[in-house]
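Below: the structure, in structure tokens.
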2 protein chains.
Amino acid sequence: MDNLQIAQIRSFSRAVTRRVGALDESYLRRGRPLGEARLLFEIGPEGAGLGALRSRLGLDSGYLSRMLRSLEAQGLVSVEKLDGDARSRRAMLTEKGRAEHAAYDALSDELANSILEPLSAVARDRLVAAMADVERLLAAASITVGEEAADTEEARQCLAQYFDELAERFEEGFDPGKGNTATGDDFIPPQGSFVIARLDGNPVGCGALRLIDSETAEIKRMWVAPSARGLGVASRMLRKLEAIAASFGAKTVCLDTNRSLKEAQSLYRREGYAEIARFNDNPYADHWFSKRL
Amino acid sequence: MDNLQIAQIRSFSRAVTRRVGALDESYLRRGRPLGEARLLFEIGPEGAGLGALRSRLGLDSGYLSRMLRSLEAQGLVSVEKLDGDARSRRAMLTEKGRAEHAAYDALSDELANSILEPLSAVARDRLVAAMADVERLLAAASITVGEEAADTEEARQCLAQYFDELAERFEEGFDPGKGNTATGDDFIPPQGSFVIARLDGNPVGCGALRLIDSETAEIKRMWVAPSARGLGVASRMLRKLEAIAASFGAKTVCLDTNRSLKEAQSLYRREGYAEIARFNDNPYADHWFSKRL
DNA sequence: CAAAATACCTGACTAAAGTCAGGCGATGGA
DNA sequence: TCCATCGCCTGACTTTAGTCAGGTATTTTG
């Protein structure tokens with residue numbers, strides 16, 4: 001890896017924690033411990049389930065409970081049973097709590113403003129654009145691609161979104177039942193596999209693999225959520241699937257695609273796939289590709 | 001101020017502390033309190049004076065002392081009298097301390113690497129460039145411009161660098177004694193003023209003002225350190241000096257500049273100065289400007 | 001040369017952050 | 001219907017972080 005790049009990341013991290021992080025910590029407590037301030041902020045005007053709070057802030061359940069008690073004592077928060085499940089509870093801001101939350105919100109705005117204020121209009125635009133870039137690319141870097149079961153609720157949701165998109169983009173429309181020879185069972189090891197790409201735990205893409213014969217694997221169901229496109233998710237999933245195929249003993253990977261999916265075609269070419277003759281009778285396929293592993 | 005810009009800054013700050021800051025804090029402690037880890041890292045292979053450590057880490061003197069005692073007990077640090085002044089001391093890493101420091105260093109690299117690793121080469125370049133931009137512009141935003149005494153050591157250093165640069169850039173060379181009618185005394189209120197731009201406490205620019213008559217102020221000695229150019233420091237100093245001039249009752253501000261200082265000329269025009277006829281006998285001046293306040 | 005200032009140290013604190021074991025009342029699958 | 005599990009709570013901690021009031025040499029200054 002490039003040492004200059006690493007040095008830049010380290011220097012960035014120092015600079016940002018010093019200039020942004022430090023302010024956050026000192027200004028945004030309003031005379032209250034940082035933990036409580038963060039909790040109050042995280043509950044937000046809509047309230048939040050205790051479990052969600054615990055995972056978002058990384059708190060021990062006892063610790064959270066005690067802080068909630070303290071915020072309740074200050075009259076800022078009320079904790080109520082709400083959901084169907086009477087074990088789980090939900091923290092809500094009281095009137096006073098909402099006012100406090102608004103104060104934090106205003107302080108955050110002020111803080112952001114204090115960064116923009118000394119800059120010229122050109123510099124502001126540039127800073128904001130660079131921040132958006134960093135944020136987007138850091139998110140991309142935190143996306144994970146992993147093998148998962150194909151029959152979970154989340155996998156089904158990915159596939160549903162995938163099919164919806166095909167129906168919208170194919171000139172001829174799309175009916176999942178028609179020409180869709182592969183069933184979910186095909187994507188279970190050792191005759192196949194399924195990968196999901198996740199950003200902060202939420203699925204943002206999927207891809208599937210099945211063995212056609214002992215030496216040939218087919219890639220199917222490649223999909224990336226619109227919000228995560230342009231971040232290299234597809235090629236990461238593709239490489240993951242290829243590695244899995246290789247581990248199954250496959251020597252060749254093949255796939256088909258529709259003429260309207262131009263990005264997909266250029267992705268496959270970029271990743272070393274060559275166009276070949278029709279190898280299946282998928283009515284929606286217009287192009288067929290393969291790659292030797 | 002633009003709400004979208006503020007929202008972007010807030011979102012950036014959240015994203016970065018979550019993705020970079022959080023890792024920093026949890027990974028970089030190696031089973032030791034964060035304070036000690038930071039201290040060890042800050043001492044570095046070359047060692048550091050205690051005063052410097054205290055100010056860089058923002059520590060209470062007692063707190064620092066206690067942490068040093070703890071690091072000494074762990075055999076990582078030795079504290080020695082070194083300088084001429086026997087009151088001040090210097091913390092040095094022992095052999096074991098250097099090994100520990102190297103481990104932190106490697107961890108930091110690894111952390112940075114883990115951000116780069118999932119990205120494509122194009123995305124990496126883009127991330128690194130955006131980070132450099134953000135860092136640079138955040139630094140620019142933290143530059144302060146304030147009125148200060150013109151006879152301090154730091155003011156003198158700014159002026160010395162300014163004169164050195166003039167000597168280098170003027171085709172005809174530069175002799176500070178020649179045609180330099182203004183003395184330091186002219187830059188003391190209420191007949192004049194002196195501003196210094198600072199980045200993290202270190203001077204990165206200066207500018208001076210003196211009243212020629214009760215309604216006219218002259219701006220002189222405008223200088224920005226090469227490292228801080230292109231960040232809008234000069235125009236901030238200029239505006240500050242104009243505001244001071246106005247507070248002194250001046251209705252007009254004027255200044256002169258040499259033909260080789262092209263950026264200065266375009267700055268003055270951009271800030272609303274119009275070129276006028278020669279108003280002084282400065283042998284180094286080729287252009288004269290003025291602006292009504 | 002005495003007095004003030006400097007640079008660091010020590011002891012005695014407080015508050016915040018974080019951990020652990022156990023407990024209680026739902027809940028849901030065998 | 002039983003019982004393991006879940007979601008939360010309580011009490012009893014430990015560790016970190018941070019502050020404050022002196023105290024001791026050493027240096028600087030009037």
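We name chains A, B, ... by the order of the sequence lines, and we start the count at 1 in each one.
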Residues in salt bridge (Lys or Arg N to Asp or Glu O under 4.0 Å) with [X], at least two apart?
X	value
A/Arg54	none
B/Glu95	B/Arg98
B/Asp85	B/Arg87
B/Glu148	B/Arg198

Q. Among all residues two or more places apart in sequence or in another chain, which pass the side chain to side chain contact (heavy atoms under 4.5 Å, CB included) test with A/Glu153?
A.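 Testing A/Glu153 for side chain to side chain contact (heavy atoms under 4.5 Å, CB included), a comparison that skips the adjacent residues, returns A/Arg156, A/Gln157.
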
Just the rounded figure in Å: distance from P of D/dA17 to CG of B/Leu39.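 Value for this atom pair: 11 Å.
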
Between the protein and nucleotides 25-27 of chain D, list the N/O to N/O atom pairs that are separated by less than 3.5 angstrom.
unit_1	atom_1	unit_2	atom_2	d
D/dT27	OP1	B/Ala86	N	2.9

Next item on the list: Just say parallel, tilted or perpendicular for the rings of B/Phe41 and B/Tyr104, cut-offs at 30° and 60°.
Entry: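 Judged by the thresholds at 30° and 60°, the geometry between B/Phe41 and B/Tyr104 is perpendicular.
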
query = What salt bridge (Lys or Arg N to Asp or Glu O under 4.0 Å) pairs are there with at least one residue in residues 66-81 of chain A, not counting sequence neighbours?
reply =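 Counting only pairs at least two positions apart or across chains, the salt bridge (Lys or Arg N to Asp or Glu O under 4.0 Å) contacts touching residues 66-81 of chain A are A/Arg69-A/Glu72.
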
request  = Would you list the pairs meeting salt bridge (Lys or Arg N to Asp or Glu O under 4.0 Å) in which at least one residue belongs to residues 137-146 of chain A, sequence neighbours left out?
outcome  =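 For residues 137-146 of chain A: none.
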
Worksheet entry | Nucleotide range of DNA chain C lying under 4.0 Å from chain A heavy atoms |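 With heavy atoms of chain A under 4.0 Å away, the range is C/dA16 to C/dT27.
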
### Task
Sort and list the pairs that fulfil side-chain hydrogen bond (donor to acceptor under 3.5 Å, both in side chains) and have at least one residue in residues 134-147 of chain B, not counting sequence neighbours.
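Passing the test, one end in residues 134-147 of chain B: A/Gln8-B/Glu135, A/Ser11-B/Glu135, A/Arg19-B/Ser142, B/Glu147-B/Ser193.
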
- Query: In residues 55-69 of chain B, which ones come under 4.0 Å of DNA chain C, going by heavy atoms?
  - Reply: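 Going residue by residue through residues 55-69 of chain B, the ones with a heavy atom under 4.0 Å of DNA chain C turn out to be B/Ser61, B/Gly62, B/Ser65, B/Arg66, B/Arg69.
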
Item to check | Sequence neighbours excluded - ring-ring contact (aromatic ring centres under 6.0 Å, His included) pairs with any residue from residues 61-91 of chain A | outcome: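 Every pair satisfying ring-ring contact (aromatic ring centres under 6.0 Å, His included) with a residue in residues 61-91 of chain A: there are none.
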
